[in-house]
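Each remark here refers to the structure printed beneath this line.
Being a predicted model, the structure only gives us computed values, none of them experimental.
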Amino acid sequence: MAQEEKKRSEFTRRVIEVISSIPFGRVTTYGAVAAAAGNPRGARVVVWVLNSSSERENLPWHRVINSKGGISLKPGYGFELQKQLLESEHIAVSNEGYIDLGKYLWRSTAR
DNA sequence: CAACTGACGATAG
DNA sequence: CCTATCGCCAGTT
């Protein structure tokens, strides 16, 4: 099929779908989303998607964290907001914003 | 149109 | 362990 409807890269489209698929009570990382979408180094695109379409596509942006298992935002710039959103989903977050990936990391089922 | 920006990641040293 | 650099895409200035 000719899939030339959207001008965005196929990669970008996949990123949005992966983020939309993150289940309740789980988290994933930028790199994992990028890798699942086809580019292990496309993590920055994930950042762009969240900024660009988090509200637009109603994406669970708070379930996306960095590969260290921590919140990347700084206190006063959304850090506390994200921390509380995660805790609302029964996810344990330390005061420093770190999460136990061994327990909560979600891996894309489509691999 | 060129340069910069954005919540990062992997690799190299 | 820490720092530096490249890679990735689209939007803004």
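- In this view, A/Tyr98 and A/Lys68, A/Ser94, A/Glu96 satisfy the side-chain contact (heavy atoms from CB on, under 4.5 Å) rule, not counting sequence neighbours.
- For DNA chain B, none of the residues of residues 87-100 of chain A falls under the heavy-atom distance limit of 4.0 Å.
- The residue from A/Leu59, A/Thr29, A/Ile22 that alone fulfils the side-chain contact (heavy atoms from CB on, under 4.5 Å) condition with A/Val64 is A/Ile22.
- Rounding to the nearest 0.5 Å gives a distance of 11.5 Å between CG of A/Leu101 and CZ of A/Arg107.
- Taking atom CG of A/Leu85 as the reference point, atom C1' of B/dA7 lies 14 Å away to the nearest angstrom.
- In this structure the side chain of A/Ile99 reaches within 4.5 angstrom of the side chain of A/Ile65, judged on heavy atoms.
- For the P atom pair drawn from B/dA3 and C/dC6, the interatomic distance equals 15 Å after rounding to whole Å.
- Residues A/Leu81 and A/Ile71 share a hydrophobic cluster, clusters being chains of Ile/Leu/Val/Met/Phe/Trp/Tyr side chains in contact below 4.5 Å.
- Remark: A/Arg63 CZ to A/Tyr104 OH distance equals 13.5 Å, nearest 0.5 Å.
- Proximity of residues 63-71 of chain A to DNA chain B (heavy atom under 4.0 angstrom from any strand atom) is restricted to A/Asn66, A/Ser67.
- The nearest whole Å value for the distance from the CD1 atom in A/Ile16 to the P atom in C/dC9 is 14 Å.
- One finds a side-chain N or O of A/Ser9 lying less than 4.0 angstrom from the OP1 or OP2 phosphate oxygen of C/dA10.
- Using P as the reference atom, B/dG9 and C/dG11 are 22 Å apart when rounded to the nearest Å.
- A/Arg14 has no carboxylate O lying under 4.0 Å from a charged side-chain N of A/Glu10, or vice versa, which leaves the two without a salt bridge.
- In this structure, A/Trp48 places its CH2 atom 19 Å from P of B/dT5, rounding to the nearest Å.
- Taking every side-chain heavy atom of A/Ser72 into account, B/dC8 is the closest of C/dC8, B/dT11, B/dC8.
- Per the geometry, CZ belonging to A/Phe11 stands 12 Å off P belonging to B/dG9, to the nearest Å.
- Listed nucleotides: B/dG6, C/dC9, B/dA7. Nearest to the side chain of A/Arg44: B/dG6.
- OP1 or OP2 of C/dC9 has not a single side-chain nitrogen or oxygen of A/Thr12 nearer than 4.0 Å.
- By the neighbour-count criterion of 12 heavy atoms within 6.0 Å, atom CD of A/Glu80 is sparsely surrounded, having that number or fewer from other residues, nucleotides or ligands.
- Counting to the nearest Å, the P atom of B/dA7 and the CG atom of A/Leu86 are 17 Å from each other.
- Spacing between atom CH2 of A/Trp61 and atom P of B/dG6 amounts to 16 Å, rounded to whole angstrom units.
- For the P atoms, the distance from C/dC8 to B/dC1 is 23 Å, rounded to whole Å.
- Of the candidates A/Leu50, A/Val49, A/Asn51, A/Val47 forms a side-chain contact (heavy atoms from CB on, under 4.5 Å) with just one, namely A/Asn51.
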